[in-house]
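Below is one structure, written out as structure tokens, with a few remarks after it.
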Amino acid sequence: MLERRTIVLADGSVRSYFALPHDYQDFPAFPRPEFRGPLHGLGFERQQQFPDHWNSVGDNAMKRKFGDDGKDGMDRLRQQVLEHGNAGAIPVQPGMGTGTGTGTSGLSMVRGGEEMNRPAKYMRTGGFEGGAGTSRIKHNEVDQSALKKSFLNMVKSIYDSSSLKRNYFADGKQGRLQCLACNRTSKDCPDMHSLIMHAYNPDSADSLVEHLAFHKALCVLMGWNYLTPPDHSKSYQILSAGEATANRDDLILWPPLVIIHNTITGKRDDGRMEGLGNKAMDSYLRGIGFPGGKAKALYSRDGHLGVTLVKFASDQSGFMEAMRLAEYFEKENHGRNGWARLQPLTLGKDDENNPDLFKFDHRTGEKKRVFYGYLGTVNDLEKVDFDFRKKITIASRLDYKPSG
């Protein structure tokens, strides 16, 4: 009655094992085979002559293997196999192989998921390297180029809409959740876990790439582990803060941008803010050794926003120069973290006397603004003005870092 099955282990390997078929209860009853126990060779008649000895040997054997409640332990393990396929140690009786009834091709001892009397068959499942081993994930089974392109588009679509992000973060409590892969909102996805399950297991294979890309984009947004298949479990939502930040920081705005803050120079009589113009910023960048950037100051109805975007060429050389400029600010503790540290408590309170915002130039005798700058990532998409946002795409910084 036993049939061979396979199971994917945590290390990515595939093991074969034997289990009762799901419809085993419908099989006709088999005649009880001759028991081949410790008195094998004496014949069934001799065994009948020593009933007390045989019972004691059998009981002791069961107790040694399963504890004092040998029979109950065996029943529990048999039930585990019926429910889970392979969850214990059950010896397979002779003659109960893979369909012959008397052959030995299926004879084995299944213990802890292993066949004890012959080598296990291993094969790799094409997973990713990470954590404690290799795991199987659908993302690795589709065209990687198409998946990556769709993923980057999904990321921009999500981060470009503040209302969409808010709804995702609210776990569907602010309205139905939208699947960007099939452009629908469904009552079947009342929360983020349901949407993740839908994206990872779409109804149609024709849209598998788009749905897997959407699944990955959602996980990056939420700070979850897209490399762990959901499979009706929420363990994929466990990811360290550092890893979640690294996943988002890898997604940069393209062409590469450096965002510079604290570029306001004063306030006009009409109350509108004034700031460093494009030409003045270009001159400043050339003076510190970064001639490749092109500055664009951002304005609102109230005037200068105190933010200047510096765009670089859309190639590896432009990316490397943008990285160097970001590192220039970071070395002075004037990078992203330095600017975040100033907000919102220290801004607007006697700025000119704040050493984090102004410094005294002993050479000219003037106070000058302290600039803060960092490489633009997907988290900064809403800081970019509308014209830039239409032209900007999302890229992976790993694609442009020099090898080695």
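Positions are given from 1, in the same order as the sequence printed here.
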#### Entry: Partners meeting ring-ring contact (aromatic ring centres under 6.0 Å, His included) with Tyr400 (sequence neighbours left out)
Trp254

Measuring from atom [atom1] of [X] to atom [atom2] of [Y], what distance do you get when rounded to the nearest 0.5 angstrom?
{"X": "Arg397", "Y": "Leu253", "atom1": "CZ", "atom2": "CG", "result": "10.5 Å"}
{"X": "Leu251", "Y": "Thr393", "atom1": "CG", "atom2": "OG1", "result": "11.5 Å"}
{"X": "Met273", "Y": "Thr265", "atom1": "CE", "atom2": "OG1", "result": "8.0 Å"}
{"X": "Asp380", "Y": "Leu309", "atom1": "CG", "atom2": "CG", "result": "9.5 Å"}
{"X": "His193", "Y": "Asp171", "atom1": "NE2", "atom2": "CG", "result": "10.5 Å"}
{"X": "Tyr372", "Y": "Thr263", "atom1": "OH", "atom2": "OG1", "result": "13.5 Å"}

### Message
Walk me through whether Leu381 and Phe388 qualify under side chain to side chain contact (heavy atoms under 4.5 Å, CB included).
### Response
CA-CA 10 Å; Leu381 189 58; Phe388 259 32; over 6 Å; no

Where is the tightest heavy-atom contact between [X] and [Y], given as atom of each residue plus distance?
{"X": "Met192", "Y": "Leu177", "value": "N-CD1, 3.6 Å"}
{"X": "His304", "Y": "Val307", "value": "CE1-N, 3.9 Å"}
{"X": "Gln178", "Y": "Leu164", "value": "OE1-CD1, 4.0 Å"}
{"X": "Glu330", "Y": "Gly335", "value": "OE1-CA, 3.4 Å"}
{"X": "Ser314", "Y": "Pro256", "value": "CA-CD, 4.3 Å"}
{"X": "Val310", "Y": "Gly293", "value": "CG1-CA, 3.7 Å"}

Looking only at atom types and distance, does a side-chain atom of [X] sit under 3.5 Å from a main-chain N or O of [Y], one as donor and one as acceptor?
{"X": "Arg369", "Y": "His261", "result": "no"}
{"X": "Asn167", "Y": "Arg176", "result": "yes"}
{"X": "Glu321", "Y": "Gly292", "result": "yes"}
{"X": "Arg268", "Y": "Gly303", "result": "no"}

Taking the side chain as C-beta and beyond, is there a heavy-atom pair between [X] and [Y] under 4.5 Å?
{"X": "Lys296", "Y": "Lys311", "answer": "no"}
{"X": "Tyr159", "Y": "Glu382", "answer": "no"}
{"X": "Phe319", "Y": "Leu375", "answer": "yes"}
{"X": "Met323", "Y": "Glu327", "answer": "yes"}
{"X": "Ile288", "Y": "Leu325", "answer": "yes"}
{"X": "Trp224", "Y": "Ile196", "answer": "yes"}
{"X": "Ile260", "Y": "Phe329", "answer": "yes"}

#### Entry: Whether over 12 other heavy atoms sit under 6.0 Å from Asp270 CG
yes

#### Entry: Between Tyr328 and His334, ring centroids under 6.0 Å
no

### Query
What's the verdict on salt bridge (Lys or Arg N to Asp or Glu O under 4.0 Å) for Lys173 and Asp191, showing C-alpha distance, side-chain angles and the deciding distance?
CA-CA 8 Å; Lys173 294 180 176 62; Asp191 53 30; over 6 Å; no

Name each donor-acceptor pair under 3.5 Å that joins a side chain in residues 237-248 to protein atoms two or more places apart or in another chain, with its distance.
residue, atom, partner, partner atom, Å
Ser240, OG, Glu243, N, 3.2
Ser240, OG, Glu243, OE1, 2.9
Glu243, OE1, Ser240, N, 3.4
Thr245, OG1, Ala241, O, 2.9
Arg248, NH1, Val220, O, 3.3

### Query
Stepwise, does the side chain to side chain contact (heavy atoms under 4.5 Å, CB included) test hold for Leu195 with Cys179?
CA-CA 7 Å; Leu195 187 61; Cys179 174; 4.1 Å; yes

### Message
Between Phe312 and Leu257, does the side chain to side chain contact (heavy atoms under 4.5 Å, CB included) criterion hold? Intermediate values first, please.
### Response
CA-CA 6 Å; Phe312 293 84; Leu257 290 176; over 6 Å; no

### Message
Under a plain distance cut-off of 3.5 Å, with no hydrogens placed, do Asp315 and Ser317 share a side-chain donor-acceptor pair?
### Response
yes

### Task
Ignoring hydrogens and angles, state whether a donor on the side chain of Lys138 or Asn201 is under 3.5 Å from an acceptor on the partner side chain.
yes

Under 3.5 Å, which donor-acceptor pairs link side chains of residues 211-219 to any protein atom two or more places apart or in another chain?
residue, atom, partner, partner atom, Å
His211, ND1, Ser207, O, 2.9
His211, ND1, Ser207, OG, 3.1
His211, NE2, His198, NE2, 3.3
His215, ND1, His139, NE2, 3.2

Show me, pair by pair, the donor-acceptor contacts under 3.5 angstrom made by side chains of residues 151-158, not counting sequence neighbours?
residue, atom, partner, partner atom, Å
Asn153, ND2, Lys149, O, 3.3
Lys156, NZ, Arg389, O, 3.0
Lys156, NZ, Ile392, O, 2.4
Ser157, OG, Asn153, O, 3.1

### Query
Between Phe371 and Thr308, is a side chain to side chain contact (heavy atoms under 4.5 Å, CB included) present by the stated rule, with each step listed?
CA-CA 10 Å; Phe371 297 141; Thr308 300; over 6 Å; no

#### Entry: Contacts of type side-chain hydrogen bond (donor to acceptor under 3.5 Å, both in side chains), residue Asp249, not counting sequence neighbours
none

Could you tabulate the donor-acceptor pairs under 3.5 Å formed by side-chain atoms of residues 278-287, not counting sequence neighbours?
residue, atom, partner, partner atom, Å
Asn278, OD1, Ala297, N, 2.7
Asp282, OD1, Ala295, N, 3.0

### Query
If you measure from the Lys or Arg side-chain nitrogens to the Asp or Glu carboxylate oxygens, is any gap between Arg341 and Asp356 under 4.0 Å?
no

